[in-house]
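Because the structure is a prediction, the values reported are computed rather than measured. Protein chains get the first letters and strands the later ones, always in sequence-line order, with residue 1 at the start of each.
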Protein chains: 2
Amino acid sequence: MQKAVQRQQTRDRILDAAEELFAHRGYEGVSVRQIMSQAGADVSLAYYHFKSKRDLFDQVMLRKAETLNALRLKALEALERRHPDDAPTIEEIIGAFTKPLLELLADNHEEWQHYFQLIAQINSSSEWGGELMTRYFDPLVSRFIEALRKALPECSNEDLYWSYHFLSGALTLTFAETGRIDNLSGGVCRSSDMRAINDRMPAFLAAGFRALADKPRD
Amino acid sequence: MQKAVQRQQTRDRILDAAEELFAHRGYEGVSVRQIMSQAGADVSLAYYHFKSKRDLFDQVMLRKAETLNALRLKALEALERRHPDDAPTIEEIIGAFTKPLLELLADNHEEWQHYFQLIAQINSSSEWGGELMTRYFDPLVSRFIEALRKALPECSNEDLYWSYHFLSGALTLTFAETGRIDNLSGGVCRSSDMRAINDRMPAFLAAGFRALADKPRD
DNA sequence: ACTAGTATTCAACGATCGTTGAATATGTGC
DNA sequence: GCACATATTCAACGATCGTTGAATACTAGT
């Protein structure tokens with residue numbers, strides 16, 4: 001086997017193990033030894049491939065963030081190309097924001113579920129959330145808000161940002177598939193039911209955006 | 001000073017320190033030593049007042065959960081008493097769910113902010129969230145969903161639970177005041193602007209509930 | 001086949017972790 | 001004021017933490 005190939009395989013095995021464990025137990029809840037044990041390699045190999053535990057965590061975040069951002073941007077640009085003159089509906093824009101997540105989960109559920117759980121934890125943390133979310137996701141988010149602004153020209157900036165904030169909370173919790181809704185509903189709803197999510201989330205959130213846009217404040 | 005009083009004061013000092021540190025850095029991110037250092041007491045005193053680190057964490061959760069649940073229940077019952085025949089609006093029910101949080105933050109911001117940050121972290125965690133949220137909050141949540149069902153008789157159970165799920169995500173992220181919206185909006189919106197939240201969140205979410213209730217699925 | 005460089009393992013460092021038992025101080029009831 | 005119970009401190013346990021330097025196995029180029 002090629003050396004460069006094996007190197008990448010090892011790196012990926014470490015990243016996969018780290019991703020899963022970080023997602024389940026958080027950054028501080030997992031030791032480098034546990035990660036390397038799950039990856040089937042020696043502890044010190046982690047420090048050959050990565051500078052530190054924190055660097056390993058950052059690389060876990062970065063790896064899939066790029067894929068995700070690229071897919072979301074592509075979905076948004078495709079949507080805008082389909083509407084050269086008029087603006088798309090809010091549902092369509094939100095759909096471009098959520099569809100890529102649904103498709104990634106459909107393709108490789110386990111892998112991406114771990115990643116979305118990780119994002120949910122970061123997003124809800126006051127300690128790390130700020131820097132990480134800003135670095136990896138805010139640029140694309142601003143791009144989406146721009147699209148939403150065009151579709152809701154009468155909406156104030158403040159209403160727009162708050163609406164997106166509510167969207168962000170609903171979205172990150174939903175895609176983390178925490179199982180909270182399974183418990184609460186007694187089995188009526190399932191966290192993993194992506195069809196149910198796709199049928200409801202864009203409609204729910206678009207109605208919220210319009211409610212704030214149509215009812216300007218004093 | 002009375003001994004029983006001092007005992008309770010010490011216990012509370014430990015719980016306060018634990019609450020703040022757990023909220024900022026998570027359960028695993030904080031050591032018992034750090035907590036007791038902030039509380040200004042010896043390490044082993046933690047194990048005199050609490051069985052273990054995990055027990056200390058549970059007591060932090062329990063302490064304010066009871067206050068919070070009582071206030072929310074009172075707000076809901078007062079609302080229902082004001083509507084003996086007809087059902088309240090969705091906005092009013094959601095308001096009864098959020099108003100107590102706003103009032104607690106207005107009274108003692110710092111203290112409750114820490115607690116809401118803690119809830120947000122728990123709610124986004126697949127590991128702990130299930131058990132803890134179910135134990136402390138789901139009973140009251142079911143009570144609220146019951147009220148919402150009466151106000152939306154044509155809404156299916158599934159739509160109702162998903163709507164609440166979206167509400168839950170938006171609400172926990174918002175009250176955690178992570179500062180995410182401050183960064184994203186470049187200062188246009190502030191996480192701590194409770195007036196802005198009160199003016200927008202119920203309207204946004206109520207519109208979402210109605211959008212799902214009015215558009216039944218196939 | 002030999003060498004140079006890369007990937008992986010071994011062994012260990014000091015620090016800190018959660019937790020405990022015994023010793024000490026402090027206030028309470030008689 | 002004395003005896004008792006309760007509250008707090010002191011000192012330490014073994015385990016595990018993140019990290020490192022040196023030794024070894026392996027592969028690629030010649």
Atom CZ of B/Phe57 and atom C1' of C/dT19 are separated, to the nearest Å, by 19 Å

Separation of D/dT20 atom C1' from A/Met36 atom CE, nearest Å, is 15 Å

Review item, nucleotides 8-10 of chain D N/O atoms under 3.5 Å of protein N/O:
unit_1, atom_1, unit_2, atom_2, d
D/dT8, OP1, B/Thr10, OG1, 2.9
D/dT8, OP2, B/His49, NE2, 3.0
D/dT9, OP2, B/Asp42, N, 3.4
D/dT9, O4, B/Ser44, OG, 3.4
D/dC10, N4, B/Ser44, OG, 2.6

B/Ala170 meets the side-chain contact (heavy atoms from CB on, under 4.5 Å) criterion, sequence neighbours left out, with A/Phe166, B/Leu205

Query raised in the report: Side chains of B/Ile197 and A/Trp162: closer than 4.5 Å at any heavy-atom pair?
Result: yes

Separation of D/dA7 atom C1' from B/Gln9 atom CD, nearest Å, is 13 Å

Taken to the nearest whole Å, CD/A/Gln8 to C1'/C/dT6 is 15 Å

Residues pairing under salt bridge (Lys or Arg N to Asp or Glu O under 4.0 Å) where one sits in residues 169-185 of chain B, two or more places apart or in two chains, turn out to be none

Query - salt_bridge(A/Arg143, A/Glu80) N-O dist < 4.0 Å - result: yes

Say whether B/Asp55 and B/Ser52, considering side chains only, have a donor N or O and an acceptor N or O under 3.5 Å apart. no

Could you list, one pair per line, each protein nitrogen or oxygen that sits under 3.5 Å from a nitrogen or oxygen of nucleotides 13-17 of chain C, together with the distance?
unit_1, atom_1, unit_2, atom_2, d
C/dC17, OP1, B/Ser31, OG, 2.9

To the nearest angstrom, the CZ-C1' distance between B/Arg54 and C/dT19 comes to 17 Å

Rounded to whole Å, the CG-P distance (B/Leu56 to C/dT19) equals 10 Å

Pair up each side-chain donor or acceptor in residues 13-23 of chain A with any protein partner under 3.5 Å, not counting sequence neighbours, and list the distances.
unit_1, atom_1, unit_2, atom_2, d
A/Arg13, NE, A/Ala39, O, 3.0
A/Arg13, NH2, A/Ala39, O, 3.0
A/Asp16, OD1, A/Arg63, NH1, 3.1
A/Asp16, OD1, A/Arg63, NH2, 3.0
A/Glu19, OE1, A/Lys64, NZ, 2.7
A/Glu19, OE2, A/Arg63, NH2, 3.3
A/Glu19, OE2, A/Lys64, NZ, 3.0
A/Glu20, OE1, A/Gln38, NE2, 3.2

(message) Regarding B/Glu158 and A/Arg190, does a basic nitrogen lie under 4.0 Å from an acidic carboxylate oxygen?
(response) no

Applied to residues 129-141 of chain B, the salt bridge (Lys or Arg N to Asp or Glu O under 4.0 Å) test, sequence neighbours excluded, yields B/Arg54-B/Glu131, B/Asp58-B/Arg135, B/Glu131-B/Arg135

